[in-house]
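Note on naming: letters A, B, ... go to the chains in the order of the sequence lines (proteins, then strands), and numbering restarts at 1 for each one.
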2 protein chains.
Amino acid sequence: MSNLSTTADDILACTRSLIIAGGYHGFSYADVADVVGIRKPSIHHHFPSKVDLVRTLVARYREEARAGIAHLERNISDPIELLRSYTAYWEACITNASAPFCVCALLASELPVLPEEVALEVRAHFRWLSNWLASVLERGSHEGRLQLVTTPRVEAETFMATVHGAMLSARAYGDPKTFGTILNPLLDRLSARS
Amino acid sequence: MSNLSTTADDILACTRSLIIAGGYHGFSYADVADVVGIRKPSIHHHFPSKVDLVRTLVARYREEARAGIAHLERNISDPIELLRSYTAYWEACITNASAPFCVCALLASELPVLPEEVALEVRAHFRWLSNWLASVLERGSHEGRLQLVTTPRVEAETFMATVHGAMLSARAYGDPKTFGTILNPLLDRLSARS
DNA sequence: GCGAACCTACCTTCTAGTCGGTAGATCGTC
DNA sequence: GACGATCTACCGACTAGAAGGTAGGTTCGC
């Protein structure tokens, strides 16, 4: 067990689900303390300020996202299957309610009132994700495996926007199936009919 | 001037922009009081509680949306032009920064921690908007003016999700043009090539 | 003189964050 | 291997300020 400080991890995990539920201003140290089973000042011991806590959380979230995508890239070469795996991941997260929203997408809606350090990470995530999607779409287009209506860049922005919007609709309808209902036809359209 | 109580309107207008910036938990009565130029308790005179204020705001927002759509329907019959006018409206709001986000879309991201009375209005807005979009798409499809890849229902959900996601991306990139960049190709694709 | 609009003054609860301290593990060093 | 010194994780008690909200009074137009 290379398990340094389980408590800090617990705090981060708890913070993640609280942010997913209600954003930066939707939770307090007291909420975290209650769930983790620790006293409020002990959280300050691990994360001096709320900004520290959330910045660390988002940075770690981004690392996990990079690792997840790298793992997909290692195992899947077909561009359309990459996209399908990506959306399948989110479909699973939403269906089992483990993480029914992207942390960065949720925080992005609060951007104007977010501490700058957190805002920077959130913006960086959007750029990184759309860049990855654009690279996948471009490759798929070149290989003739994907049929794009416009440029890979624009198609990537559309894809990302649709994913985020589908998360929002799934939440608004209280129905996890909404996500797949929106994304599966989109993936089908991207698949080339040769 | 049939102008009953300008102050209440000022409070609502201010609350609207504050909510658009940071959601339900991202503003306080003190913030509203500062902007409107009034003392905090005076807001309670017009809106007894924060829930009252926000519920009223969302209800009025929905009325305006209904009126706006009714106005469009009265002046435009072509389905594709209806959709273009709808997105052009939002493009203008985002570009001039007057209202760079849909109140209900923003509140939807906070749904799990929203007071139930507000949550009900937000959910109702999603259903209403997607129903309108579905009706436009269905008519356009029947008239042969729109080419749908799937059912009007699913296409409407996709359209709405893309609009909301595009608002989010425009905010994340800090670039109003992002909205049009995403929506114009989508509208072009829906236009039937006869 | 009545009611709407607004005020000052106040309350309670919650907020992030601080302070000083303790129990226990780890440490170097003699 | 016994000794203090240091470090980590945590705690209770506390603070200043902000949160939503209340009580009671003033001002002003009808």
S.K.: Side chains of A:Thr6 and A:Asp9: do they bring a donor and an acceptor to under 3.5 Å?
M.R.: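 There is no such pair (donor and acceptor under 3.5 Å, judged by atom type) between the side chains of A:Thr6 and A:Asp9.
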
S.K.: Using 30° and 60° as the class limits, which term best fits the ring planes of B:His125 and B:Trp128: parallel, tilted or perpendicular?
M.R.: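 Correct class here is tilted.
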
S.K.: Dump every N/O contact between nucleotides 11-16 of chain C and the protein below 3.5 Å, one line per pair.
M.R.:
| from | atom 1 | to | atom 2 | distance (Å) |
| --- | --- | --- | --- | --- |
| C:dT15 | OP1 | A:Ser28 | OG | 3.4 |
| C:dT15 | OP2 | A:Ser28 | OG | 3.4 |
| C:dA16 | OP1 | A:Lys50 | NZ | 3.2 |
| C:dA16 | OP2 | A:Tyr29 | N | 2.9 |
| C:dA16 | N7 | A:Lys40 | NZ | 3.3 |
| C:dA16 | N6 | A:Lys40 | NZ | 3.3 |

S.K.: Does a side chain donor of either B:Asn131 or B:Arg153 reach within less than 3.5 Å of an acceptor in the other side chain?
M.R.: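 Present: a donor and an acceptor within the cut-off.
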
S.K.: Provide, to the nearest angstrom, the distance between the CD1 atom belonging to B:Ile38 and the P atom belonging to C:dT8.
M.R.: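 Atom CD1 in B:Ile38 sits about 11 Å away from atom P in C:dT8.
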
S.K.: Whole angstrom is fine here: how far is it from CG in A:Leu53 over to P in C:dG17?
M.R.: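 Distance, rounded to whole Å: 10 Å.
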
S.K.: Could you check whether any side-chain heavy atom of A:Thr158 comes within less than 4.5 Å of a side-chain heavy atom of B:Leu186, counting everything from C-beta outward?
M.R.: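 A:Thr158 vs B:Leu186: side chains apart.
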
S.K.: Taking 4.0 Å as the cut-off, does a side-chain nitrogen or oxygen of A:Ser42 come that near to OP1 or OP2 on D:dA9?
M.R.: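 It does not, given that no N or O in the side chain of A:Ser42 lies less than 4.0 Å from OP1 or OP2 of D:dA9.
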
S.K.: Is the phosphate of C:dC6, meaning OP1 or OP2, less than 4.0 Å from a side-chain N or O of B:His46?
M.R.: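 So the side chain of B:His46 is within the cut-off, an N or O lying under 4.0 Å from OP1 or OP2 of C:dC6.
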
S.K.: Given axes from five pairs at either end, by how many degrees does the helix from C:dT13-D:dA18 to C:dC30-D:dG1 bend, rounded to 10°?
M.R.: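 The angle separating the two end axes equals 10°.
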
S.K.: In whole angstroms, how far is the C1' atom of C:dT22 from the CZ atom of A:Arg39?
M.R.: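 The answer, rounded to whole Å, is 16 Å.
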
S.K.: Using the ring of each side chain (for Trp, its six-membered ring), is B:Phe126 parallel, tilted or perpendicular to B:His164, with breaks at 30° and 60°?
M.R.: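 Plane angle between 30° and 60°, so tilted.
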
S.K.: Taking only nitrogen or oxygen atoms into account, show me every contact under 3.5 Å that the protein makes with nucleotides 23-30 of chain D, one pair per line with its distance.
M.R.:
none

S.K.: Between B:Glu116 and B:Arg123, is a salt bridge (charged side-chain N to carboxylate O under 4.0 Å, His left out) present by the stated rule, with each step listed?
M.R.: CA-CA 10 Å; B:Glu116 191 52 33; B:Arg123 281 190 275 261; 2.8 Å; yes

S.K.: Going through the distances and angles, do A:Lys40 and A:Asp34 end up as a salt bridge (charged side-chain N to carboxylate O under 4.0 Å, His left out)?
M.R.: CA-CA 8 Å; A:Lys40 222 178 32 166; A:Asp34 280 352; over 6 Å; no

S.K.: Please state whether the phosphate of C:dA5, meaning OP1 or OP2, lies under 4.0 angstrom from any side-chain nitrogen or oxygen of B:His45.
M.R.: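 Yes, such a contact exists.
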
S.K.: Carefully, step by step, assess A:Glu81 and A:Arg145 under the rule salt bridge (charged side-chain N to carboxylate O under 4.0 Å, His left out).
M.R.: CA-CA 10 Å; A:Glu81 284 310 313; A:Arg145 289 169 179 275; over 6 Å; no

S.K.: Test B:Val58 against every option in B:Glu117, B:Glu121, B:Glu63 by the side chain to side chain contact (heavy atoms under 4.5 Å, CB included) rule and name the one that passes.
M.R.: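 Of the listed options, the one satisfying the test is B:Glu121.
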
S.K.: After noting the C-alpha distance and the side-chain angles of A:Phe47 and A:Leu12, does the key distance pass the side-chain contact (heavy atoms from CB on, under 4.5 Å) rule?
M.R.: CA-CA 10 Å; A:Phe47 305 96; A:Leu12 285 169; 3.7 Å; yes

S.K.: Take atom CZ of A:Arg60 as the centre, draw a 6.0 Å sphere, and report whether it contains more than 12 heavy atoms from other residues, nucleotides or ligands.
M.R.: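 Result for CZ/A:Arg60: open.
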
